[in-house]
Amino acid sequence: KQQKSGHLVLVMFPFQGHITPMLQLATILHSKGYTITIVHPELNSPTPSNHPEFTFISIPDKLTESEVLDGDAANLMLSLNKNCAIPLQQCMKKILHQKDSHDHIIHITAIIYDTLMFCSQTIADDLRLPGINVRTSSAATLLLYALFPHLDGKDSTLENEIPELQSLQLQHIRALLSQNPTDAMLEVRNAFTEGVRSSSAVIVNTMDFLEQAALSKIKEHFPAPIFTIGPLHKLAPTICSSLLIEDAKCISWLNKQAPKSVIYVSFGSLASIGEQELIETAWGLANSKQPFLWVIRPGLVRGSEWIESLPNGFQEGVGERGFIVKWAPQKEVLAHAAVGGFWSHCGWNSTIESICEGVPILCKPFFGDQNLNSNYICNVWKVGLQLQNKLERGNIEAAIKRLIVDIEGEEIRKKAMDFKKKASLCLQEGGSSCCSFNELTRHISS
Ligand code: BUP
């Protein structure tokens, strides 16, 4: 049934860290009276029966198994956008020719698309519809995209030449840069920045107080209004869109642990480690003597189905002190009083979920924007510390003690708790995200 505010078509990028925030955004917009249609590629399709309030339309993505699994993110994004462009356009045209139960033509008020589904902006332009770009990563990452053309192949002296970089600290984002970016990388970057430049608005899942400096710089590079409406997971807390089943037994285990004693370990939905790194992590956790909750996702350990490569004697040695799950109810875990620290890969969702609960972070970034997020966590916001060097049991044991037991960890926790308060203020009436959300709905209706 068409609701009074308008009809929004949301286009999803099919990976965990993108599906969840998009569904959260859909839920919030629906609660404001919008009719929601979600268009998604076939890969990792969400479960429509969990959301009877939305219409779901699946489009063929023609991705091959090797494209999905070979790990080249830029090529995957290009294929996905190339393969989905025509089906997406046909789908939009079909929606525009439909009639509702009162025989009225269905209008589309705006196409709201994940920044990585950049083909959507061209389709919105062709159909003369507003295209709204959704960023599920930080504002700093967006700023970086504006700066990439000045950065590739350059050295750190540029930090002094380009003032924007002072807040980004070039030496910490080196992993995001490339001396020889591939053609695919350059094409993807251009498509991202073009998408943001031509969109009618940009939604960023962040909070003003976290990224004030980057946000004001972004405005100099991109003309579209930016709406900072995070943290989305707090605005739509009931959304569960996990591709794997959450293991709720870990909450009963957490209930038995002392306050702020547990280190929660999760490397997100995509990162992988080698067998030796798994062994070092296992002994580092065991030797720390702290209780730990560890997500070992199927696929986390390269060449291993699940936990068969855990070292002999490890599970017997840690006994009840350690709990391993395939997938955790992460937001509930981070909000639990027993959790004292989060050893994280620093994906953006995990970063803000931790900040919102005041949980200090032990950072071990793997790729992409995780390096930039880790730099912000440790050096700018000071709500975490970096796991130095490689995954080695001695480093791990020492870092966990620094975070959970030492006075240094106490200071970081105070800062993290302060951020928790600030994050909750953003969502209250008159708070920055609340105001930004109201402005967004005015923008959509204008
Ligand atoms: Br693992 C795990 N339970 O056990 P990020 C993750 N999550 O709910 P990404 C669980 O997945 P990139 C688990 O709460 C977060 O919302 C977690 O998103 C949830 O990292 C999401 O943190 C993971 O953005 O990589 O998607 O792994 O850095 O590419 O975003």
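Atoms within a ligand are numbered from 1 in the order they appear, just like the ligands themselves. All figures in this text were calculated on a predicted structure; none of them were measured in a lab. Any value given below was found using the heavy atoms of this structure, including those in side chains, with hydrogens, waters and symmetry copies removed.
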Aromatic ring proximity H51/F54, centre distance under 6.0 Å: yes
W343 and F267 aromatic centres sub-6.0 Å: yes
Which residue and atom name correspond to the protein heavy atom nearest [atom], and how close is it?
| atom | value |
| --- | --- |
| atom 12 (P) of ligand 1 | Q370 NE2, 3.9 Å |
| atom 24 (O) of ligand 1 | N349 ND2, 2.9 Å |
| atom 22 (O) of ligand 1 | S350 OG, 2.6 Å |
| atom 29 (O) of ligand 1 | L270 CD1, 3.8 Å |
| atom 27 (O) of ligand 1 | S269 N, 2.6 Å |
| atom 16 (O) of ligand 1 | E353 OE2, 2.7 Å |

Considering the heavy atoms of [X], write down every atom of ligand 1 situated less than 4.0 Å from one of them.
| X | value |
| --- | --- |
| V295 | 1 (Br), 4 (O) |
| H345 | 5 (P), 9 (P), 20 (O), 22 (O), 25 (O), 27 (O) |
| Q330 | 2 (C), 3 (N), 6 (C), 7 (N), 8 (O), 10 (C), 14 (O), 17 (C) |
| G268 | 1 (Br), 27 (O) |
| G347 | 5 (P), 20 (O), 22 (O), 24 (O), 28 (O) |
| G17 | 18 (O), 26 (O) |
| Q16 | 11 (O) |
| K331 | 14 (O), 16 (O) |

Ligand 1-proximal atoms of W327, by part, heavy-atom distance under 4.0 Å: both
Proximity to ligand 1 by part of H18, non-hydrogen separation under 4.0 Å: neither
Is it the case that the side chains of [Y] and [X] hold a donor-acceptor pair, with the cut-off being a distance below 3.5 Å and no angle test?
| X | Y | value |
| --- | --- | --- |
| Q386 | S374 | yes |
| S350 | Q330 | yes |
| S45 | S58 | no |
| Q212 | S216 | no |

Pairwise side-chain contact, N373 with P365, heavy-atom cut-off 4.5 Å (strictly under): no
Validation row: E211, S138 side chains within 4.5 angstrom (heavy atoms): yes
Shortest heavy-atom approach to atom 4 (O) of ligand 1 - which of S266, P365, A328: A328
Stepwise side-chain hydrogen bond (donor to acceptor under 3.5 Å, both in side chains) check, N255 with H336: CA-CA 8 Å; N255 290 342; H336 198 285; 2.7 Å; yes
E357/K234 ion pair, N-O < 4.0 Å: yes
Short N-O contact, K401 and E408, less than 4.0 angstrom: no
